[in-house]
Amino acid sequence: MATAAIRFDDLTLGYGRHPAVHHLAGEITSGSLTAIVGPNGAGKSTLLKGIVGSLRPLAGRISLSDTARIAYLPQAAELDRTFPLSVYDLVAMGLWQTSGLFGGIGRKDKAKIDEAIAAVGLTGFERRSIGTLSGGQMQRVLFARLLLQDASLILLDEPFTAIDAKTTADLLDLVRRWHDEERTVVAVLHDVDMVRRIFPETLLIAREAVAWGETGDVLNPENLLRARRMVEANDPFAQACERA
């Protein structure tokens with residue numbers, strides 16, 4: 001019987017007392033490949049922040065599998081590329097959970113770093129400063145870091161926004177690889193056609209769940225229209241519901 005990697009129990013997330021996601025209930029199965037889709041302002045990124053633990057619930061709760069190890073890729077806009085760091089050093093940070101922030105990198109670790117860089121097609125870029133990279137190259141570096149984290153639960157927030165088609169295709173191959181390895185992958189995406197092609201499961205939200213299940217059933221015109229209208233009708237100053 002499939003187990004839950006993530007469970008939402010009447011979850012409300014927000015900022016101050018203003019809900020961004022509310023009354024979400026359901027679970028994401030271990031080993032599944034799930035897209036989170038919705039209009040701008042639907043609460044997609046907020047939900048990932050709740051799963052990671054950087055945003056505490058206003059009500060309800062999020063439960064993770066006891067064996068879950070999380071790797072999280074935030075939106076590109078949230079990353080500081082001015083910090084003087086090389087490609088090699090940024091990728092190597094994926095090992096911090098096993099080696100510690102100040103742990104040494106041994107021969108086996110160096111081999112893992114080289115393999116991860118090669119897997120994203122950036123061999124020869126090791127000493128390049130991250131500030132000199134294109135958007136697509138930077139995203140390849142971040143995926144290499146995810147590879148090293150060896151996580152069972154991988155969260156991606158708009159990982160293919162504003163990058164070239166070749167990079168998108170190569171990184172989608174890594175997503176498929178993680179799925180084949182029975183890791184749980186959850187991705188916030190805007191490209192509905194991509195979701196239909198690649199992701200078997202979809203959660204469509206508009207600050208609350210509109211539909212959740214098999215992608216073909218979820219992403220129909222009626223549900224997409226309903227989600228858009230729900231976000232447009234949202235009151236940004238509404239207060240979170242009080243617990244009973």
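The structure displayed is predicted, hence computed values, not measured ones.
Atoms CZ and CD1, from F125 and I117 in turn, are 11.0 Å apart once rounded to the nearest 0.5 Å. Rounded to the nearest 0.5 angstrom, L142 CG and Y72 OH are separated by 12.0 Å. We find the CD1-CG distance between I154 and L174 to be 9.5 Å, quoted to the nearest 0.5 Å. Between atom CD1 of residue I28 and atom CD of residue E201 there is a gap of 9.5 Å, rounded to the nearest 0.5 Å. For the atom pair CG of L85 and OG of S129, the computed distance is 8.0 Å after rounding to the nearest 0.5 Å. To the nearest 0.5 Å, atoms CD (E158) and CD (Q75) are separated by 4.0 Å.
Checking side-chain atoms of R69 against main-chain N and O of D150 turns up a donor-acceptor pair under 3.5 Å. Side-chain atoms of E115 do not come within 3.5 Å of backbone N or O of I113 as any donor-acceptor pair. In this structure a side-chain-to-backbone donor-acceptor pair under 3.5 Å is present from R207 to P19. Checked by atom type and distance alone, the side chain of R183 never pairs as donor or acceptor with a backbone atom of R177 at under 3.5 Å. Without hydrogens or angle criteria, N223 side chain to V218 main chain gives a donor-acceptor distance under 3.5 Å. Of the possible polar contacts, one joining the H179 side chain to the G31 backbone as a donor-acceptor pair under 3.5 Å is found. The closest donor-acceptor contact from the side chain of S54 to the backbone of K49 lies under 3.5 Å.
Within a 6.0 Å sphere centred on CZ of R229, other residues, nucleotides and ligands contribute 12 heavy atoms or fewer. Within a 6.0 Å sphere centred on CD of E232, heavy atoms belonging to other residues, nucleotides or ligands number more than 12.
Nearest heavy-atom pair, D164 versus G136, reported as atom, atom and distance to 0.1 Å: OD1-CA, 4.0 Å. Between L24 and F8, the shortest heavy-atom distance links the atoms O-CB, 3.5 Å. Annotation for S152 and T67: closest pair OG-O, 3.5 Å, computed over non-hydrogen atoms. For D10 against A25, the heavy-atom pair with the smallest separation is N-CB, 4.0 Å. Here the closest heavy-atom approach between residue G50 and residue L13 is recorded as CA-CD1, 4.0 Å. Summarising the geometry of I70 relative to Q149, their closest heavy-atom pair is O-NE2, 4.0 Å, with the distance given to 0.1 Å.
In this structure, K166 pairs ionically with D170, as a charged nitrogen and a carboxylate oxygen lie closer than 4.0 Å.
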For V141 and V120: C-alpha separation, side-chain torsions, deciding distance, then whether side chain to side chain contact (heavy atoms under 4.5 Å, CB included) applies. CA-CA 7 Å; V141 172; V120 299; over 6 Å; no

Between L47 and L11, is a side chain to side chain contact (heavy atoms under 4.5 Å, CB included) present by the stated rule, with each step listed? CA-CA 10 Å; L47 183 56; L11 174 69; 3.9 Å; yes

Check against side chain to side chain contact (heavy atoms under 4.5 Å, CB included), I163 and L171: CA-CA 11 Å; I163 62 176; L171 297 183; 4.2 Å; yes

Using the side chain to side chain contact (heavy atoms under 4.5 Å, CB included) rule, take L156 and V175 through it: C-alpha gap first, then chi angles, then the decisive distance, then the call. CA-CA 10 Å; L156 308 172; V175 170; 4.1 Å; yes

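Among residues at least two apart or in separate chains, side chain to side chain donor-acceptor pair (under 3.5 Å) pairs with a member in residues 210-219 are T202-T215. Counting only residues at least two apart or in different chains, salt bridge (charged side-chain N to carboxylate O under 4.0 Å, His left out) contacts with residues 53-66 comprise D9-R61. Applying the ring-ring contact (aromatic ring centres under 6.0 Å, His included) test to pairs two or more places apart or on separate chains, those with a residue in residues 127-167 are F143-W178. Screening residues 22-47 for salt bridge (charged side-chain N to carboxylate O under 4.0 Å, His left out), with sequence neighbours left out, gives R7-E27.
R196 meets the salt bridge (Lys or Arg N to Asp or Glu O under 4.0 Å) test with D193; sequence neighbours excluded. Qualifying salt bridge (Lys or Arg N to Asp or Glu O under 4.0 Å) partners for D114, counting only residues two or more places apart in sequence or in other chains: none.
In this structure, I6 and I62 have side chains that are in contact, with non-hydrogen atoms separated by less than 4.5 Å. With contacts defined as side-chain heavy-atom distances shorter than 4.5 Å, the pair I51/L64 qualifies. At a threshold of 4.5 Å between non-hydrogen side-chain atoms, the residues L133 and L122 do not count as touching. Looking at heavy atoms from C-beta onward, P159 lies in side-chain contact with L189 at the 4.5 angstrom threshold.
At a cut-off of 3.5 Å, with distance as the only test, no side-chain donor of Q139 or T167 sits close to an acceptor on the other residue.
When hydrophobic clusters are built by joining Ile, Leu, Val, Met, Phe, Trp and Tyr residues whose side-chain heavy atoms come closer than 4.5 Å, directly or via intermediates, L225 is not grouped with L219.
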